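Heads up: the structure comes next, in structure tokens.
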Amino acid sequence: MAVIDQLFFRVIDRGGESVAAALEDALEARGHEVDCLGFFRDRDDAAPVTADWTILAPTQHSARAAGSAMVALARRFRRRRPDVVAAHTQVSSLLGLTLAWLFRVPRRISIHHQPHKRDLGWPFWVSDAVAGTLGIYTDVILVSHLSRDAVARFPARYRRRVRLVPNEVPMPALPDRAAARATLGLEPDDVVFCFLGAVEARKGAAVAARAVAASGRGVLLLAGRPGDESDDVATIGAATGGRIRPLGHLTRDEVAGVLAASDALVFPTRAENRSLTLLEGLSAGLAVIASDIRGNRDVLAPGEGSLVD
């Protein structure tokens, strides 16, 4: 039996946290002891996936709080003596795995859910390349071909540690379609679109809302935490007589209900790696309308969905 810690910097309950939860279940089923933890929780009211995770600094995100979290993590490593630390995302890898290296944790796995250079500036991806090259990371897991392409010019000693493991999360069993529609207050003959993800400009939430509003009869269910386009979506929705419906952050079972009730997934994201949202929509048998970007093209087989600029 191995003692394993999975580490995040900011716990937000996005796709990466869902992957970690699935990994935790699978590893514990094999007899390993697994804990999941983060430096910070991004939102106290949006934690259906990670409600029981350990948060090292249960306070507002700041440099001082990050230092306190590092001290708490060091004490934890000294007490728990894990065999493996798997750090999700670049910041938790740089901080957490460097500390794990100092405490001589045997296996230090860096898992990147986003391509290098996209979400963070050059100091982060240069530091990551150095850490992987020097062996602070014993393994680097990338979840898409897009991520692998992004490290093609990293040093050979880094690239030898890389393994491509495509992002997957098991689909929950979908409820009965009629029951799901009734729960959501939908009519049997409604044309229902869904948008899964934070209500943010990067995800294209307002684009989805405007497109469905212009259809004249479709209903759009937005399942995701509020973000920088929440006010715009509310304004668009106010003119539609309730056809645009933000549902907030949902549990996995509630997301399954949205998928069961929907006819199509609208996914106008501006940037994506290997999207769990897209995989979930396809697994649920929905028609897919997605932005024509590399991450989406890598997931959609010819004829599986519509890609639009």
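As the structure is a computational prediction, the values presented were derived from the model and not from experiment.
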So that I can tick it off, tell me whether [Y] and [X] are bridged by a salt bridge, with the cut-off set at under 4.0 angstrom between side-chain N and carboxylate O.
X    : Y    : answer
D139 : R107 : yes
D263 : R177 : yes
R210 : D232 : no
R217 : D190 : no

**Study point:** CA sep, side-chain torsions, deciding dist, call: L250, V258, side chain to side chain contact (heavy atoms under 4.5 Å, CB included)
**Key:** CA-CA 10 Å; L250 303 182; V258 170; 3.8 Å; yes
Side-chain donor/acceptor of [X] to backbone N/O of [Y], under 3.5 Å:
X    : Y    : value
T98  : L95  : no
R157 : G132 : no
R225 : V199 : no
R274 : D298 : no
E229 : A206 : yes
T133 : P155 : no
S283 : E280 : no

Review point. Could you walk me through whether D5 and F77 pass the side chain to side chain contact (heavy atoms under 4.5 Å, CB included) check?
Key: CA-CA 9 Å; D5 280 343; F77 285 163; 3.9 Å; yes
Are [X] and [Y] joined in one hydrophobic group, where the rule is that I, L, V, M, F, W and Y side chains link up if heavy atoms are under 4.5 Å apart?
X    : Y    : value
L220 : V207 : no
W101 : V91  : yes
L73  : I109 : no
V162 : W125 : yes
L221 : L276 : yes

Revision key, fill the gap. Which of V255, T277, L265 passes side-chain contact (heavy atoms from CB on, under 4.5 Å) with C194? Answer is L265
How long is the straight-line distance from [atom2] of [Y] back to [atom1] of [X], given to the nearest 0.5 Å?
X    : Y    : atom1 : atom2 : answer
L164 : H145 : CG    : NE2   : 5.0 Å
L23  : C36  : CG    : SG    : 8.5 Å
F9   : S93  : CZ    : OG    : 12.0 Å
D176 : R181 : CG    : CZ    : 11.0 Å
S275 : K203 : OG    : NZ    : 5.5 Å
I136 : L102 : CD1   : CG    : 8.0 Å

Could you tell me which non-hydrogen atom of [X] sits nearest to which non-hydrogen atom of [Y], and how far apart they are?
X    : Y    : answer
L184 : A261 : CD1-CB, 3.8 Å
D228 : E200 : OD1-CA, 3.1 Å
A65  : S62  : N-OG, 3.1 Å
S110 : H112 : OG-NE2, 3.2 Å
R10  : E17  : O-OE2, 3.6 Å
V105 : P82  : CG1-O, 3.6 Å

Neighbour count above 12 (heavy atom, 6.0 Å) for [X] [atom1]:
X    : atom1 : result
R80  : CZ    : yes
H32  : NE2   : yes
R270 : CZ    : no
R159 : CZ    : yes
D149 : CG    : yes

Exercise for review: Check the pair D128, F154 against side chain to side chain contact (heavy atoms under 4.5 Å, CB included), reporting the backbone distance first and the verdict last.
Suggested key: CA-CA 10 Å; D128 187 83; F154 277 26; 4.3 Å; yes
[Y] side chain reached by [X] side chain, heavy atoms, under 4.5 Å:
X    : Y    : value
L222 : L247 : no
V266 : V288 : no
S127 : V130 : no

Practice item. For residues W53 and F8, establish whether the separation of their ring centroids is below 6.0 Å. Key: yes
Exercise for review: Verify side chain to side chain donor-acceptor pair (under 3.5 Å) between E272 and T269, making sure each step is shown before the conclusion.
Suggested key: CA-CA 7 Å; E272 209 66 34; T269 178; 2.8 Å; yes
